[in-house]
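Source: prediction; values computed, not measured. Just so you know, residue 1 is the first one in the sequence shown, and it goes up from there.
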Amino acid sequence: MKELIDLHVVLATPADFEQWEEDAEEAADKFNIIIYALFDAVEDDIKPEVFEAMLQHVWEVWSVDQQILQIDDADFVVWVNEMLNGWDYQSSQRDSEY
């Protein structure tokens, strides 16, 4: 069900990170690496509302953290896997019901 989410809507552009001026393009590229890593890591049959909650979480964490520029791309995959291992699927489904 993850294919029901249009990633092109979620992917960042440099304008999304304009607060970092000359680093905006690099920040957007790094953010998009995280999004693709998440897409690759989640199960194909994940409920769209759960996947949307995960995508929102990624935005909330990384859109404000300038460390995104110093992190190696492979470490984003590790971060995504750790996020998924600790994800409260029950809570994310309940929250989407309201």
Side-chain angles (χ1 to χ4, degrees):
M1 306 274 282
K2 70 182 181 182
E3 70 277 354
L4 296 176
I5 304 298
D6 183 3
L7 281 191
H8 292 96
V9 173
V10 180
L11 295 174
T13 66
D16 296 318
F17 291 90
E18 67 184 10
Q19 72 272 20
W20 297 342
E21 299 166 2
E22 66 274 352
D23 294 325
E25 186 171 349
E26 181 182 0
D29 290 344
K30 296 260 187 186
F31 179 82
N32 292 338
I33 289 167
I34 301 168
I35 295 300
Y36 284 121
L38 179 60
F39 184 82
D40 290 342
V42 297
E43 297 291 325
D44 289 338
D45 62 348
I46 190 168
K47 291 186 177 185
E49 58 271 10
V50 173
F51 189 37
E52 286 174 345
M54 291 176 176
L55 292 166
Q56 180 63 35
H57 176 73
V58 170
W59 175 254
E60 290 170 1
V61 169
W62 291 108
S63 68
V64 295
D65 191 341
Q66 281 195 294
Q67 287 185 340
I68 196 172
L69 299 171
Q70 283 75 46
I71 297 175
D72 184 75
D73 296 354
D75 289 333
F76 289 130
V77 174
V78 172
W79 183 87
V80 164
N81 288 330
E82 289 176 1
M83 182 191 85
L84 291 175
N85 288 333
W87 192 261
D88 184 354
Y89 288 89
Q90 301 288 336
S91 177
S92 64
Q93 286 183 277
R94 257 195 322 275
D95 292 346
S96 68
E97 292 174 1
Y98 299 105

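Of all non-hydrogen atoms in V58 and F31, the two that sit nearest each other are CG1-CE1, 3.7 Å. Between L84 and A41, the shortest heavy-atom contact is CD1-CB, 3.4 Å. Across E26 and L69, no two heavy atoms sit closer than the pair OE2-O, 3.6 Å. Between A12 and N32 the shortest heavy-atom distance is N-OD1, 2.6 Å. Considering all non-hydrogen atoms of both residues, A53 and W87 come closest at O-CH2, 3.7 Å. Across every non-hydrogen atom of A28 and P14, the tightest pair is CB-N, 3.7 Å.
Between the side chains of E52 and Q56, not a single donor N or O lies within less than 3.5 Å of an accepting N or O.
In this structure, the side chains of I71 and W79 stay at 4.5 Å or more apart for every pair of heavy atoms. Inter-residue side-chain proximity for L38 and M83 is flagged as met; some heavy-atom pair is nearer than 4.5 Å. In this structure, I34 and I68 have side chains that are in contact, with non-hydrogen atoms separated by less than 4.5 Å.
In this structure, Q67 places its CD atom where only 12 or fewer heavy-atom neighbours from other residues, nucleotides or ligands lie under 6.0 Å away. Other residues, nucleotides and ligands contribute more than 12 heavy atoms inside 6.0 Å of the CD atom of Q19.
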Subject >> Step-by-step side-chain contact (heavy atoms from CB on, under 4.5 Å) determination, I35 to W59 >> reply: CA-CA 9 Å; I35 295 300; W59 175 254; over 6 Å; no

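Below 30°, between 30° and 60°, or above 60°: for W62 and F76 the angle between ring planes is above 60°, a perpendicular geometry. Aromatic ring orientation, F51 versus F39: tilted (interplanar angle from 30° to 60°).
Side-chain atoms of D16 come within 3.5 Å of backbone N or O of T13 as a donor-acceptor pair.
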